[in-house]
Amino acid sequence: MSSGDARKKNAVEKLFALVDCNNFYASCERVFNPALRHKPVVVLSNNDGCVIARSEEAKALGIRMGVPAFEIESLLTAHGVAVFSSNYALYGDFSSRVMATLAALVPSMEIYSIDEAFLDLTGISPEGAEALAQRIRKTVLKHTGIPVGIGVAPTKTLAKIANHLAKKNKMPVCLLKGEEEITEVLQQTPVGEVWGIGRQYSAKLTARGIITAYDLSRAPEEWVRREMTVTGLRTRQELCGISCLALEEAVPARQAICTSRSFGKPQGEPGPLEEAIATFATMCAAKLRRGKSAATQMMVFIHTNAFRTDQPQYARNRVITLATPTNDSILLVKAAVEALRAIYRPGYLYKKAGVIVTGLVPEGEVQQDLFSSAETGKHRKLMESLDEVNRRYGRQTLQVATQGTTRKWRLRQEKLSPGYTTRWSDLMEIRLT
DNA sequence: TCTGGGGTCCTAGGACCC
DNA sequence: TCTGGGGTCCTAGGACCC
């Protein structure tokens with residue numbers, strides 16, 4: 001069966017759009033800082049470690065994604081690149097604005113990531129889809145200041161490819177339809193660029209002579225399934241135009257929440273480590289409460305700097321099962337510190353630590369433990385007040401004592417932009433003279 | 001001196017049960 | 001020689017994503 005025949009088997013020809021914000025973090029930094037227009041901009045990861053977003057001008061300078069900032073310091077200075085620490089409060093807020101704008105323009109959408117959304121355009125003619133995509137792009141730009149690119153195709157995987165193509169050709173919208181056009185594009189797409197094909201699979205496929213996305217769409221189904229599991233098989237079918245990945249409108253309940261950081265300076269003493277772990281535990285607790293869920297298990301991990309092969313290495317984690325599912329900061333801090341004490345060893349320089357909570361259940365369904373319910377009830381009121389204070393006066397205004405005040409472990413964040421849209425004190429001022 | 005953070009899904013294999 | 005078979009649950013590890 002040719003892929004064309006297979007496509008016809010779909011009762012209704014589906015059509016998906018992928019909307020992707022261009023260089024999202026860099027674009028956010030630009031909105032309130034027009035002086036940065038047409039200038040190279042990069043945004044660094046937490047701890048000012050690696051480059052995680054680049055404006056077009058920065059890409060043109062040859063700055064690669066993920067490159068450590070210290071390796072390109074002279075390049076950044078020489079070209080007057082504007083450098084920012086990541087400001088997730090700002091990006092999260094812009095993301096909400098973009099998504100709200102999209103939601104008002106289409107009947108059904110899936111928020112796929114902070115800067116991407118899939119839209120269902122099934123039933124719309126190719127010309128209609130193209131016009132709608134153009135309108136979406138203009139509206140988002142006008143309402144939020146964020147430029148987006150849009151790829152449209154019969155499956156999500158093909159819509160991703162259409163979106164890449166739009167970027168490559170510096171076109172705002174790319175519509176991919178019709179067997180011949182799709183075949184031609186797939187033949188020009190390296191298999192590693194396909195959504196769902198990462199480094200490992202890319203190497204394996206290339207070694208087997210599967211070089212392009214088209215080759216993968218023609219590979220024997222049995223082989224793909226055996227070597228790449230059903231996930232790989234779905235990707236193969238999607239490349240053939242058979243839609244296997246549906247639009248997921250409802251946000252599935254989280255399964256895990258993680259808070260982890262690299263330290264600005266490596267830490268050897270137990271004190272600062274405990275303060276860091278306690279802080280991560282309270283951040284997990286706050287995220288749990290915001291999502292109205294509670295955790296049944298917690299994992300605490302610490303490790304040394306793996307890049308420093310000249311130093312002794314150590315990495316351990318410890319899982320604690322909580323007697324009753326909880327989102328109480330005080331109980332979670334207690335558990336986290338206990339876990340840390342069990343795995344901490346002196347004589348190492350720790351670079352990173354984190355807390356992961358799992359086994360999440362809805363807050364309302366928690367079975368109260370007979371022996372601790374009185375304590376839990378008291379704490380609940382306290383947590384509500386804590387969240388309210390921190391919401392009003394900024395994160396970490398009220399803390400659990402174990403979090404400490406030295407913050408020796410804190411992030412390096414030397415180039416943070418203001419919280420233009422999320423902190424009253426950072427609101428932009430305009431002087432009319 | 002400096003190298004991110006937060007998620008998901010799938011499978012194989014072991015433990016355990018009847 | 002040859003040691004049941006089938007089901008469920010859990011975990012670790014490997015792959016991927018942005």
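A, B, ... follow the sequence lines: proteins, then strands. Residue 1 opens every chain.
Using cut-offs of 30° and 60° on the angle between ring planes, the pair A:Phe280 and A:Phe263 is parallel. Ring planes of A:Phe118 and A:Trp195: tilted class, angle from 30 to 60°.
In this structure, the ring of A:Tyr88 has its center less than 6.0 angstrom from the ring center of A:Tyr25. Here A:Tyr350 and A:Tyr344 bring their ring centres to under 6.0 angstrom of each other.
Residue A:Ser262 places at least one side-chain N or O closer than 4.0 Å to OP1 or OP2 of B:dG5. The phosphate of B:dC2 has neither OP1 nor OP2 within less than 4.0 Å of any side-chain N or O from A:Lys351. Considering only side-chain N and O atoms, A:Lys156 lies nowhere under 4.0 angstrom from the phosphate OP1 or OP2 of C:dC17. One finds a side-chain N or O of A:Arg261 lying less than 4.0 angstrom from the OP1 or OP2 phosphate oxygen of B:dG6. Remark: A:Arg64 is not in phosphate contact with B:dT3, judged by side-chain N or O atoms under 4.0 Å from OP1 or OP2. Side-chain N/O atoms of A:Lys352 include one lying less than 4.0 angstrom from OP1 or OP2 on B:dG5.
Contact annotation for A:Glu71: no contact, since no heavy-atom pair falls under 4.0 Å across all strands. Counting any heavy atom pair closer than 4.0 Å across all strands shown, A:Ile197 reaches sugar-phosphate atoms only and no base atom. Among the atoms of the strands shown, none is found under 4.0 Å from any heavy atom of A:Lys204. Among the protein residues, A:Thr259 comes within range of the sugar-phosphate backbone only, with heavy atoms under 4.0 Å from sugar or phosphate atoms but none that close to a base. The residue A:Val194 sits close only to the backbone: its heavy atoms come under 4.0 Å of sugar-phosphate atoms, none of a base. Heavy atoms of A:Arg308 sit under 4.0 angstrom from primed sugar atoms or phosphate atoms, though from no base atom. Within 4.0 Å (heavy atoms only), A:Leu44 reaches no atom of the nucleic acid at all. Heavy atoms of A:Lys265 sit nowhere under 4.0 angstrom from any nucleic acid atom. Contact annotation for A:Glu73: no contact, since no heavy-atom pair falls under 4.0 Å across all strands.
Of the candidate nucleotides B:dC9, C:dC18, B:dC10, B:dC9 has the atom lying nearest to any side-chain atom of A:Gln255. Candidate nucleotides B:dG4, C:dC18, B:dG7 were compared by shortest atom distance to the side chain of A:Tyr88, and B:dG4 ranks first. With B:dG6, C:dC16, C:dC17 as the choices, the nucleotide that has an atom nearest any side-chain atom of A:Gln200 turns out to be C:dC16. Of all nucleotides listed (B:dC10, B:dC2, B:dG7), B:dC2 comes nearest to the side chain of A:Phe70. Of the candidate nucleotides C:dC16, B:dG5, B:dT11, C:dC16 has the atom nearest to the side chain of A:Tyr201. Nearest to the side chain of A:Asn46, among C:dC17, B:dC10, B:dG5, sits B:dG5. Closest to the A:Asp115 side chain, of the nucleotides C:dA15, B:dT8, C:dC18, is C:dC18. For A:Ser45, the side-chain atoms get nearest to B:dG4 when compared with the rest of B:dG4, C:dA15, B:dT11.
Per the geometry, CE belonging to A:Met99 stands 13 Å off P belonging to C:dC18, to the nearest Å. When the C1' atom of C:dC18 is taken as reference, atom NE2 of A:His164 falls 11 Å away, rounded to whole Å. Atom pair A:Asn22:CG and C:dC18:P shows a separation of 15 Å (rounding to whole Å applied). When the P atom of B:dG4 is taken as reference, atom CG of A:Asn87 falls 19 Å away, rounded to whole Å. Atom CE in A:Met283 sits about 11 Å away from atom C1' in B:dG5, given to the nearest Å. Between the P atom of B:dC2 and the CD atom of A:Gln413 lies a distance of 19 Å, rounded to the nearest Å. With rounding to whole Å, A:Leu233 atom CG is found 16 Å from C:dA15 atom C1'. In this structure, CD1 of A:Ile356 is placed 14 Å from C1' of C:dA12, rounded to the nearest angstrom.
C:dC17 and B:dG4 are spaced 15 Å apart, taking the C1' atom of each and rounding to whole Å.
Heavy-atom nearest nucleotides on DNA chain B were determined for A:Gln311 and for A:Val230, and the one closer to the 5' end corresponds to A:Gln311. Comparing A:Pro266 and A:Ala253 along DNA chain B, the residue whose closest nucleotide (by nearest heavy atom) sits nearer the 5' end is A:Pro266.
Nucleotide C:dG14 forms a Watson-Crick or G-U wobble pair with B:dC9, both donor-acceptor distances falling under 3.5 Å.
Ion pairing between A:Lys167 and A:Asp20 holds under the 4.0 Å rule for side-chain N and carboxylate O.
If you take NE2 on A:His303 and NZ on A:Lys352, they are separated by 5.0 Å, rounding to the nearest 0.5 Å.
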Quiz prompt | Full working for side chain to side chain donor-acceptor pair (under 3.5 Å) between A:Thr321 and A:Gln297 | solution = CA-CA 4 Å; A:Thr321 300; A:Gln297 280 200 326; 3.1 Å; yes
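Only one option out of A:His379, A:Arg290, A:Arg289, A:Glu363 pairs with A:Asn327 in a side-chain hydrogen bond (donor to acceptor under 3.5 Å, both in side chains); it is A:Glu363.
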